Visitor: 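One structure, pasted below without further comment.
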Amino acid sequence: MAKIIPFCAVRPRADLADKIAALPYDVYSREEACQKVQGDPYSFLRIDRPETQFAPDCDMYAPQVYEKARDMLWDMIRKGELIQEEKRAYYVYELVMDGRSQVGIGACASVDDYEKQVIKKHENTRADKEADRIRHVDACSAQTGPIFLAYRSREGIEQEVREAMRQAPVYDFTAEDGVTHRIWVIDREDSVERIRREFEQVQSVYIADGHHRCASAVRVSQMRREAYPDYTGEEEFNYFLSVLFPDDQLMIMDYNRVVQSLNGYSEEAFLEKIQENFDVERIGEEPCRPRRKGEIGMYLTDTWYRLTVRENCYTGDPAADLDVAVLQRVLLEPVLGILDPKTDGRIDFVGGIRGLGELVKRVHTDAAAAFAMYPTDIHELFAVSDAGQLMPPKSTWFEPKLRSGLLIHRIEQ
């Protein structure tokens, strides 16, 4: 039973929403972030990446950097550029990319549900990346970037969403990347109560994207519980900012692989070797996009091949049978010697948003071969999470990305 509650968001003044909204902090390098915010007095990236306000040689993890984030956030609130909602609400958040719409609910999810594994993860987090967001959330006393959650669709929630979308949105803008963002406020008491009750019938919620933001929010909650041992459980720090999408709304893109060498194999010997576990079909110059699970497109020199996984490669285990896991287990590790894709410099990952042309480009510049994957299905993600297992790194690429700064959750005591 999931506890998904309405909250009083801090959000942009309507005329500034498109100027404030920013892509998630972790899609930029430090240099890219600095360039992005240069001369921009509104972008929320300034707050999510406060090191952009300091000299390039400044330690981006220094205390004064996080204090700067806090000061800029509160300065925007004082100026009225960000406004505080006075009434608890749920928020309908629609994203439209390439004509395709997906609609979720902005809300706060329970830290207790995360700890009890009602909210389930599918990947591990890195301590250094967690530490950065812990300091950021703690210094700001606010969660500024929503965690992308998924759940099995419920008609009662969808009815309330459709009803809300009949009204005019509070925000409606198209960002520079072509993605349209619209937000509606649901604050009518009967609608709020119905959504809350509907979520109580949801047995499991899944982290789709934002594992580090989620783990960091939970750690700050634990720190504040330690600081306030008489906490009731209803304080804002017991919840974390989320946007929850029903499973039938989500699109997962492919997450492709490029490798730097053939591990000493000639091209002919490599093609012969991989036929032990794959049916190999030469396609030619036409890009080979996988059509179904179990198919992999491979680009080698100037030629595309279709690899079809043989049935004997499957185990019945939900994590081991992901296409990215099969590729790792029967080709990348035993043939190319890539034992740990998280640390091996001979492999790189290319998000599907870049298209198959990027794989061709890489092979013609700095790689020996590229593998185009069929996208992981959301129900595969559910199955792995339900089994208490973890996915291989870079298994899912979700698009479009939620914007930071449109919904902010304050967590002061």
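The chain is numbered in sequence order, starting from 1. Note that these values count all heavy atoms, side chains included, but never hydrogens, waters or copies made by symmetry. Just so we're clear, the structure is a prediction, and the values are computed from it rather than from any experiment.
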Visitor: Is the shortest side-chain N to carboxylate O distance from Arg196 to Glu200 below 4.0 Å?
Guide: yes
Visitor: Does a salt bridge link Glu163 with Arg194, judged by any charged N lying under 4.0 Å from a carboxylate O?
Guide: no
Visitor: Around Glu176, counting heavy atoms of other residues, nucleotides and ligands shown, do more than 12 lie under 6.0 Å from its CD?
Guide: no
Visitor: Does Thr180 have any side-chain hydrogen bond (donor to acceptor under 3.5 Å, both in side chains) partners at least two apart in sequence or in another chain, and if so, which?
Guide: Thr174
Visitor: Minimum heavy-atom separation for Pro400 and Val179, please, with both atom names.
Guide: CB-CG1, 3.9 Å
Visitor: Within the structure provided, determine whether Arg306 and Met298 are in side-chain contact (heavy-atom separation under 4.5 Å).
Guide: no
Visitor: Checking Glu226 against Tyr231: is there a side-chain donor and acceptor pair closer than 3.5 Å?
Guide: no
Visitor: Apply salt bridge (charged side-chain N to carboxylate O under 4.0 Å, His left out) to Glu160 and Arg154, showing your working.
Guide: CA-CA 11 Å; Glu160 292 295 340; Arg154 290 189 63 83; over 6 Å; no
Visitor: For the pair Glu380 (side chain) and Asp377 (backbone), establish whether a donor and an acceptor sit closer than 3.5 Å, ignoring hydrogens and angles.
Guide: yes
Visitor: Show, in sequence, the C-alpha distance, side-chain angles and deciding distance for Ile4 and Leu244, and conclude whether the side chain to side chain contact (heavy atoms under 4.5 Å, CB included) test is met.
Guide: CA-CA 9 Å; Ile4 306 296; Leu244 301 98; 3.8 Å; yes
Visitor: With a 4.0 Å cut-off, would you call Arg292 and Glu295 a salt bridge?
Guide: yes
Visitor: Is Lys401 atom NZ crowded by more than 12 heavy atoms from other residues, nucleotides or ligands, each under 6.0 Å away?
Guide: yes
Visitor: Hydrogens and angles aside, do Asn256 and Arg354 bring a side-chain donor and acceptor to less than 3.5 Å of each other?
Guide: no
Visitor: Decide, yes or no, whether a salt bridge links Arg362 with Asp348 under the criterion of side-chain N to carboxylate O below 4.0 Å.
Guide: yes
Visitor: Has Asn263 got a side-chain atom pairing as donor or acceptor with Val335's backbone, closer than 3.5 angstrom?
Guide: yes
Visitor: Please report the C-alpha distance between Arg329 and Asp323 in whole Å, then the side-chain angles of each, then the deciding distance to 0.1 Å, and finally whether the salt bridge (charged side-chain N to carboxylate O under 4.0 Å, His left out) criterion is met.
Guide: CA-CA 10 Å; Arg329 188 174 67 253; Asp323 279 1; over 6 Å; no
Visitor: Walk me through whether Asp247 and Ser153 qualify under side-chain hydrogen bond (donor to acceptor under 3.5 Å, both in side chains).
Guide: CA-CA 6 Å; Asp247 56 347; Ser153 180; 4.8 Å; no
Visitor: Should we count CD of Gln117 as having more than 12 external heavy atoms under 6.0 Å?
Guide: no
Visitor: Any carboxylate oxygen within less than 4.0 angstrom of a Lys/Arg side-chain nitrogen, looking at Asp254 and Lys293?
Guide: no
Visitor: Looking at Arg346 and Gly337, would you say the former's side chain and the latter's main chain have a donor-acceptor pair under 3.5 Å?
Guide: yes
Visitor: I'd like to know if the side chain of Thr301 pairs up with that of Glu267 as donor and acceptor (distance under 3.5 Å, no hydrogens or angles considered).
Guide: yes
Visitor: Is Asp279 salt-bridged to Arg310, going by a charged N under 4.0 Å from an acidic O?
Guide: yes
Visitor: Applying side-chain hydrogen bond (donor to acceptor under 3.5 Å, both in side chains), name anything that partners Arg182, two or more places apart in sequence or on another chain.
Guide: Glu94, Asp172
Visitor: Nearest heavy-atom pair of Ile338 and Gln328: which atoms, and what distance?
Guide: O-NE2, 2.7 Å
Visitor: Checking Arg46 side chain against Ser43 main chain: does a donor-acceptor pair fall under 3.5 Å?
Guide: yes
Visitor: Compute the ring centroids of His364 and Tyr299, then answer whether they are less than 6.0 Å apart.
Guide: yes
Visitor: Does a side chain donor of either Glu130 or Ser216 reach within less than 3.5 Å of an acceptor in the other side chain?
Guide: no
Visitor: Can a donor-acceptor pair be found between the side chains of Arg213 and Gln143 at a distance below 3.5 Å?
Guide: no
Visitor: Does Lys3 pair with Glu234 as a salt bridge, N-O distance under 4.0 Å?
Guide: yes
Visitor: Quick one: are Pro50 and Thr52 in side-chain contact, heavy atoms under 4.5 Å?
Guide: no
Visitor: Output, in order, the C-alpha distance, side-chain angles, deciding distance and verdict of side chain to side chain contact (heavy atoms under 4.5 Å, CB included) for Trp184 and Met165.
Guide: CA-CA 7 Å; Trp184 292 260; Met165 292 176 72; 3.8 Å; yes
Visitor: We want to know whether Tyr206 and His122 form a side-chain donor-acceptor pair, criterion being a heavy-atom distance below 3.5 angstrom.
Guide: no
Visitor: Over 60° means perpendicular and under 30° means parallel, so tell me whether His181 and Phe173 are parallel, tilted or perpendicular.
Guide: parallel
Visitor: Got Val324 and Tyr255 here, is their nearest side-chain heavy-atom distance under 4.5 Å?
Guide: no
Visitor: May I have the step-by-step check of side-chain hydrogen bond (donor to acceptor under 3.5 Å, both in side chains) for Glu51 and Tyr66, ending in yes or no?
Guide: CA-CA 8 Å; Glu51 74 274 13; Tyr66 299 100; over 6 Å; no
Visitor: Is the closest side-chain donor-acceptor distance between Asp317 and Gln389 under 3.5 Å?
Guide: yes
Visitor: Between the side chain of Thr365 and the main-chain N/O of Lys361, is any donor-acceptor distance below 3.5 Å?
Guide: yes
Visitor: Check the side chains of Asp48 and Ser404 for a donor-acceptor pair under 3.5 angstrom, ignoring hydrogens and angles.
Guide: yes
Visitor: Test salt bridge (charged side-chain N to carboxylate O under 4.0 Å, His left out) on Asp177 and Arg403 and set out the steps.
Guide: CA-CA 12 Å; Asp177 60 359; Arg403 288 321 197 248; 2.8 Å; yes
Visitor: If you count every heavy atom of other residues, nucleotides or ligands that lies below 6.0 Å from Lys68 atom NZ, does the total exceed 12?
Guide: no
Visitor: What I want to check is whether the side chains of Arg11 and Tyr171 have a donor and an acceptor closer together than 3.5 Å.
Guide: yes
Visitor: Quick check: closest heavy atoms across Arg30 and Cys58, and the distance to 0.1 Å?
Guide: NH2-O, 2.9 Å
Visitor: Is it possible for you to check whether Arg133 lies under 6.0 Å from the centre of the six-membered ring of Tyr25, through NZ or CZ, and within 45° of that ring's axis?
Guide: yes
Visitor: Without hydrogens or angle criteria, can the side chains of Asp26 and His212 be said to hold a donor-acceptor pair below 3.5 Å?
Guide: no
Visitor: Is the side chain of Asn238 donor-acceptor paired with the backbone N or O of Glu235 at a distance under 3.5 Å, no angle test?
Guide: yes
Visitor: Taking atom CG of Asp98 as the centre, does the number of heavy atoms from other residues, nucleotides or ligands within less than 6.0 Å exceed 12?
Guide: no
Visitor: Using a strict threshold of under 4.0 Å (side-chain N to carboxylate O), is an ion pair present between Asp386 and Arg152?
Guide: yes
Visitor: Output, in order, the C-alpha distance, side-chain angles, deciding distance and verdict of side-chain hydrogen bond (donor to acceptor under 3.5 Å, both in side chains) for Arg100 and Gln102.
Guide: CA-CA 7 Å; Arg100 180 188 177 279; Gln102 66 182 52; 3.1 Å; yes
Visitor: Keeping the roles fixed (side chain from Glu32, backbone from Ser29), state whether a donor-acceptor pair exists under 3.5 Å.
Guide: yes
Visitor: May I ask you to say whether Asp138 pairs ionically with Arg224, meaning some side-chain N is under 4.0 Å from a carboxylate O?
Guide: yes
Visitor: Taking the side chain as everything from C-beta on, heavy atoms only, tell me whether Leu406 gets closer than 4.5 Å to Ile183.
Guide: yes
Visitor: Can you see which heavy atom on Tyr90 is nearest to which on Pro6, and at what distance?
Guide: OH-CD, 3.3 Å
Visitor: Give me the atom names and distance for the closest heavy-atom approach of Val111 to Phe237.
Guide: CG2-O, 4.2 Å
Visitor: Give the intermediate values and the outcome of salt bridge (charged side-chain N to carboxylate O under 4.0 Å, His left out) for residues Arg88 and Glu236.
Guide: CA-CA 12 Å; Arg88 286 185 174 270; Glu236 293 299 325; 2.4 Å; yes
